[in-house]
Structure formats: structure tokens, C-alpha cells
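Counting convention: from 1, in listed order, for ligands and their atoms alike.
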Amino acid sequence: MAYDDSNIFARILRGEIPCNRIAEDDYALAFHDIAPQAPVHALVIPKAAYIDLDDFSANASDAEIAGFWRMAGQVGRMLGVAQAGGGNGYRLISNAGPDAHQEVPHFHIHILGGHPVGRMLADAR
Ligand code: 5GP
């Protein structure tokens with residue numbers, strides 16, 4: 001499957017669509033989800049074009065992978081949900097493909113917190 005550079009996150013990266021930015025560096029961009037499903041709902045995306053975790057883990061450079069995950073942790077601290085910063089924790093989700101209902105085909109993780117987010121995968125069985 002080829003990367004579709006008309007997806008909404010590619011357009012955000014090109015500056016064609018605004019986002020509510022949390023953090024940005026050479027490797028990754030973090031911003032608030034437009035339709036938050038928890039008091040804290042951030043998205044972290046790599047700057048380069050990867051479809052999902054499978055694509056990212058197979059094809060990204062070590063520097064891209066390290067940069068991405070360092071930003072993911074930093075965002076949890078910046079938004080006050082990381083336990084190390086006095087927060088009460090958070091959940092990471094990354095949807096990949098149709099069974100997971102991935103809507104935007106640019107690799108991303110969701111960071112959800114700010115209140116109890118429930119048990120994991122209540123309707124996955
Ligand atoms: P997925 O289902 O692909 O894992 O999640 C895509 C997420 O992107 C959804 O939570 C959706 O609310 C969010 N989203 C879709 N379009 C936009 C947008 O234009 N701006 C922002 N900030 N989030 C978006």
C-alpha cells in the first residue's frame with residue numbers, strides 16, 4: 001500500500017491546515033486532537049511519511065524512531081498526565097488498518113488521559 005499524501009496529517013505537516021500544536025522538532029509533531037475523547041487527547045506524528053506502525057518500525061531511521069518516542073514521553077509530561085510529573089497516568093493507542101478503524105493513514109499515536117479512561121478494549125472480543 002502506498003502512502004497517500006492527501007491525508008489530513010500530511011496536510012497539517014505541509015501547513016495547509018492549522019493544528020493546535022503542543023511540540024515540534026525535526027522528527028515529530030504533537031498537537032491536540034480536533035475531537036477529544038478525554039480531557040487530554042493529544043496526537044503525535046512523525047514528520048516523514050509513514051502509513052502506520054508497521055511501516056514506521058520497518059522503514060524509519062533509528063533517529064526518527066528515537067525522536068518520535070522521546071516526543072511521545074515529553075508530551076505526557078508537558079500535558080501533566082505523566083506520573084513522574086504528578087499526573088495520574090495516560091493511555092497510548094495506535095490504530096493500524098481497517099480492523100483497528102484507522103481513519104488517517106499517517107502513523108500516529110493517541111495520548112489519552114486527564115481522567116480515568118476505562119478498562120482497555122471493552123468491545124474488542
Ligand atoms: P485514527 O482513527 O486514525 O487513529 O484517529 C484519527 C484522529 O485524528 C481522530 O481522533 C480524529 O479526531 C483526529 N483528526 C481528524 N482530523 C483532524 C484534524 O483536522 N485536526 C486534528 N487535530 N485532529 C484530527
Side-chain angles (χ1 to χ4, degrees):
M1 196 174 108
Y3 180 83
D4 172 8
D5 68 4
S6 69
N7 77 73
I8 202 93
F9 295 168
R11 298 186 66 196
I12 286 173
L13 285 167
R14 289 196 295 270
E16 296 168 7
I17 293 176
C19 70
N20 189 354
R21 183 174 310 155
I22 299 163
E24 181 171 11
D25 65 16
D26 287 347
Y27 300 111
L29 172 68
F31 51 98
H32 294 280
D33 197 290
I34 202 167
Q37 296 187 44
V40 169
H41 187 171
L43 300 168
V44 185
I45 68 174
K47 285 261 177 97
Y50 299 104
I51 299 168
D52 58 14
L53 177 61
D54 183 56
D55 187 17
F56 184 68
S57 64
N59 298 311
S61 69
D62 289 355
E64 287 176 302
I65 291 171
F68 177 84
W69 288 109
R70 285 198 185 283
M71 181 172 288
Q74 181 191 354
V75 165
R77 293 188 292 275
M78 287 175 71
L79 298 180
V81 291
Q83 287 184 284
N88 223 27
Y90 55 89
R91 178 170 296 151
L92 294 187
I93 295 173
S94 188
N95 296 315
D99 275 1
H101 292 258
Q102 181 180 6
E103 290 172 12
V104 181
H106 180 110
F107 173 52
H108 54 281
I109 59 167
H110 301 253
I111 297 176
L112 294 148
H115 71 183
V117 295
R119 295 179 68 86
M120 194 169 66
L121 299 179
D123 62 358
R125 278 165 274 181

With a cut-off of 4.0 Å, which atoms of ligand 1 are near a heavy atom of [X]?
| X | result |
| --- | --- |
| His32 | 22 (N) |
| Phe31 | 21 (C), 22 (N) |
| Asn95 | 1 (P), 2 (O), 4 (O) |
| His101 | 2 (O) |
| Ala35 | 12 (O) |

Just need the protein heavy atom nearest to [atom], so name the residue and atom and give the distance.
| atom | answer |
| --- | --- |
| atom 13 (C) of ligand 1 | Asp33 OD2, 3.3 Å |
| atom 3 (O) of ligand 1 | Glu103 N, 2.7 Å |
| atom 17 (C) of ligand 1 | Ile34 CG2, 3.6 Å |
| atom 16 (N) of ligand 1 | Ile8 CG2, 3.9 Å |
| atom 8 (O) of ligand 1 | Phe9 CZ, 3.4 Å |

Exercise. Mind telling me whether Phe107 and Phe68 have parallel, tilted or perpendicular rings, with 30° and 60° as the class edges?
Key: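 Ring orientation of Phe68 relative to Phe107: tilted.
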
Quiz prompt | Test of ring centre spacing under 6.0 Å for Phe31 and Phe9 | solution = yes

Quiz item: Would you say the ring centroid of His32 lies under 6.0 angstrom from that of His41?
Solution: no

Exercise. Please test Asp54 against Tyr50 for side-chain hydrogen bond (donor to acceptor under 3.5 Å, both in side chains), starting from the C-alpha separation and ending with a verdict.
Key: CA-CA 9 Å; Asp54 183 56; Tyr50 299 104; over 6 Å; no

Exercise. In plain terms, say whether Glu24 and Lys47 are close enough for a salt bridge, that is, a side-chain N and a carboxylate O under 4.0 Å apart.
Key: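 Lys47 and Glu24: salt-bridged.
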
Quiz item: What pair of heavy atoms forms the shortest contact from Pro46 to His106, and how long is it?
Solution: O-NE2, 2.8 Å

Quiz item: Is the shortest distance from a heavy atom of Arg11 to ligand 1 less than 4.0 Å?
Solution: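 No heavy atom of Arg11 comes that close to ligand 1.
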
Under 4.0 Å, heavy-atom basis, I'd like to know which part of [X] is in contact with ligand 1: side chain, backbone, both or neither.
| X | result |
| --- | --- |
| His110 | side chain |
| Phe107 | neither |
| His108 | side chain |

Quiz item: Counting only heavy atoms not in Asp4, do more than 12 sit closer than 6.0 Å to its CG atom?
Solution: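 Check passes, neighbour count above 12.
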
Self-check item: Member of Ile93, Val44, Leu79 meeting the side-chain contact (heavy atoms from CB on, under 4.5 Å) criterion with Ile111
Solution: Val44

Quiz prompt | Test item: Ile12 and Leu29 side chains (from C-beta on) under 4.5 Å apart, heavy atoms | solution =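 With C-beta onward as the side chain, the pair touches.
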
Quiz prompt | Spacing of CD1 belonging to Ile45 relative to SG belonging to Cys19, to within rounding of 0.5 Å | solution =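 Answer rounded to 0.5 Å: 7.5 Å.
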
Quiz item: Does Cys19, backbone or side chain, put an N or O under 3.5 Å from an N or O of ligand 1?
Solution: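 No, no N or O pair falls under 3.5 Å.
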
